[in-house]
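Below is one structure, written out as structure tokens; the observations come after it.
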Protein chains: 2
Amino acid sequence: MSEKDDFDLQLFLPYLLNQAAEESSLAFQRVYKSRYGMLRTEWRVLFHLGIYGRMTATEIGQRARTHKTKISRAVQRLAERRFLRRDPDERDRRVEHLELTPTGLAAYRDLRAVAQECDAWLVRDLSPDETGQLRRLLVRLAG
Amino acid sequence: MSEKDDFDLQLFLPYLLNQAAEESSLAFQRVYKSRYGMLRTEWRVLFHLGIYGRMTATEIGQRARTHKTKISRAVQRLAERRFLRRDPDERDRRVEHLELTPTGLAAYRDLRAVAQECDAWLVRDLSPDETGQLRRLLVRLAG
DNA sequence: AGGTAGTAGTTGATTTTGTAACCAACAACC
DNA sequence: GGTTGTTGGTTACAAAATCAACTACTACCT
């Protein structure tokens with residue numbers, strides 16, 4: 001009946017990665033949530049526009065591997081709060097180009113600094129070598 | 001205005017880990033969802049009972065770092081489908097010990113095999129050395 | 001031009017999660 | 001023995017994710 005089982009759940013990648021992802025998101029989440037009332041997809045959209053500049057919703061969705069309904073709702077909320085501006089395309093009237101307002105840009109810069117701090121804090125116990133290794137391996141896995 | 005920005009979102013750990021976690025969960029998710037109609041927390045509870053045997057909801061929650069309401073609902077659904085049995089504690093009548101039924105055990109064993117395949121498939125492009133490294137680094141990060 | 005198919009983005013219905021309040025049982029204290 | 005505080009677990013309600021259907025537009029094809 002209760003024979004021992006040697007499957008190591010803690011090392012099963014989908015489990016392990018989820019734990020690490022949730023754990024690592026906490027600190028940053030507290031900031032973007034309390035400081036700007038944002039959700040996960042919202043800071044991601046904000047960052048995409050902050051980093052890459054003017055983009056359409058579809059482009060963001062592709063780059064972030066996020067479903068378009070999620071993007072659509074995030075854009076809606078960010079637009080309501082004046083973090084971004086919607087700019088209809090002249091040639092193709094289905095398309096909207098999105099770009100940050102000064103408010104949005106300021107929020108992005110603020111959160112970018114926080115993100116950098118969080119990231120540094122997360123790897124505080126790893127050597128620079130190990131940190132690089134970890135990121136490279138994760139990129140190969142997620143890419 | 002649109003000066004280039006050099007923050008690398010793809011390497012920001014909360015982002016990178018989330019992408020890797022979601023990506024890596026897809027294959028396994030398809031199986032436990034389609035084959036047993038389970039949700040994420042449900043397979044986790046199933047695995048905990050399969051691996052460690054008889055446990056209480058609270059113990060599972062602590063080990064899996066999962067909130068008790070999530071566990072409670074997962075247990076409820078697993079019990080309805082006869083994957084597990086609830087066994088009230090004699091001494092403390094608040095406590096319920098949980099254990100898998102034969103059906104639950106069979107499902108666990110089936111999914112465990114799938115999990116092992118998924119895991120192997122995920123690291124198919126990494127050397128055994130790199131795989132070990134990755135897991136160790138993640139454990140240090142998540143632990 | 002008219003018809004078909006495909007794309008950008010939104011909306012609505014259903015499911016799932018998160019937060020807080022809750023109940024029942026225990027424990028400790030005086 | 002009653003009060004207070006804590007713990008195991010559930011429930012209720014709000015917030016959010018999911019999935020499908022939808023509108024509006026473009027592109028292609030005849």
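All chains are named by letter (A, B, ...) in the order of the sequence lines, taking the proteins before the strands, and each is independently numbered beginning at 1.
In this structure, the NZ atom of A:Lys70 is 18 Å from the P atom of C:dG9, given to the nearest Å. Distance, A:Ile60 CD1 to C:dA8 P: 13 Å, rounded to whole Å. Atom-to-atom, CD1 of A:Ile71 to C1' of C:dT10 comes out at 14 Å; the value is rounded to the nearest Å. Between B:Glu90 atom CD and C:dC26 atom P there is a gap of 11 Å when expressed in whole angstrom units. What separates CZ of A:Arg94 from P of C:dA8 is a distance of 6 Å, to the nearest Å. Remark: C1' of C:dT10 and CD of A:Glu80 are 13 Å apart, rounded to the nearest angstrom. Whole-Å rounding puts the A:His67 NE2 to C:dT7 C1' distance at 13 Å.
For A:Ser72, whose side chain is taken as the heavy atoms from C-beta onward, the closest listed nucleotide among C:dT10, C:dA13, C:dT17 is C:dT10.
An OP1 or OP2 oxygen of C:dT11 is reached within less than 4.0 angstrom by a side-chain nitrogen or oxygen of A:Gln76. Dashed line: the shortest gap from a side-chain N or O of A:Thr58 to OP1 or OP2 of C:dG9 is under 4.0 Å.
In this structure, B:Arg135 pairs ionically with B:Asp119, as a charged nitrogen and a carboxylate oxygen lie closer than 4.0 Å.
If you check every strand for non-hydrogen atoms under 4.0 Å, B:Thr69 touches a base.
Across B:Glu96, B:Glu99, B:Glu80, a single residue satisfies salt bridge (Lys or Arg N to Asp or Glu O under 4.0 Å) together with B:Arg86, and that is B:Glu96.
Taking the six-membered ring where the residue is Trp, A:Phe47 and A:Trp43 present perpendicular rings, their angle passing 60° and hence far from 30°.
The ring of A:Phe28 has its center closer than 6.0 angstrom to the ring center of B:Phe12.
Scanning all heavy atoms of the two residues, the minimum distance from B:Ser24 to A:Leu17 falls at OG-CD1, 3.4 Å.
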List the steps, then state whether side-chain contact (heavy atoms from CB on, under 4.5 Å) holds for B:Leu16 with A:Val139. CA-CA 7 Å; B:Leu16 178 52; A:Val139 167; 4.1 Å; yes
Evaluate the criterion side-chain contact (heavy atoms from CB on, under 4.5 Å) for residue pair A:His97 and A:Asp89; output intermediate values, then yes/no. CA-CA 6 Å; A:His97 300 278; A:Asp89 185 285; 2.7 Å; yes
Going through the checks in order, is the side-chain contact (heavy atoms from CB on, under 4.5 Å) test met by B:Leu126 and A:Arg140? CA-CA 9 Å; B:Leu126 304 185; A:Arg140 282 171 65 189; 3.4 Å; yes
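The shortest distance between side-chain heavy atoms of A:Arg63 and A:Tyr52 falls below 4.5 Å.
Chain B approaches DNA chain D within less than 4.0 angstrom (heavy atoms of the protein), and the contacting nucleotides run 5' to 3' from D:dT7 to D:dC19.
Nearest-nucleotide positions on DNA chain D for B:Gln62 and A:Arg91 put B:Gln62 closer to the 5' end.
Near-neighbour residues of DNA chain D inside residues 23-41 of chain A, defined by a heavy atom below 4.0 Å, number-ordered: A:Leu39.
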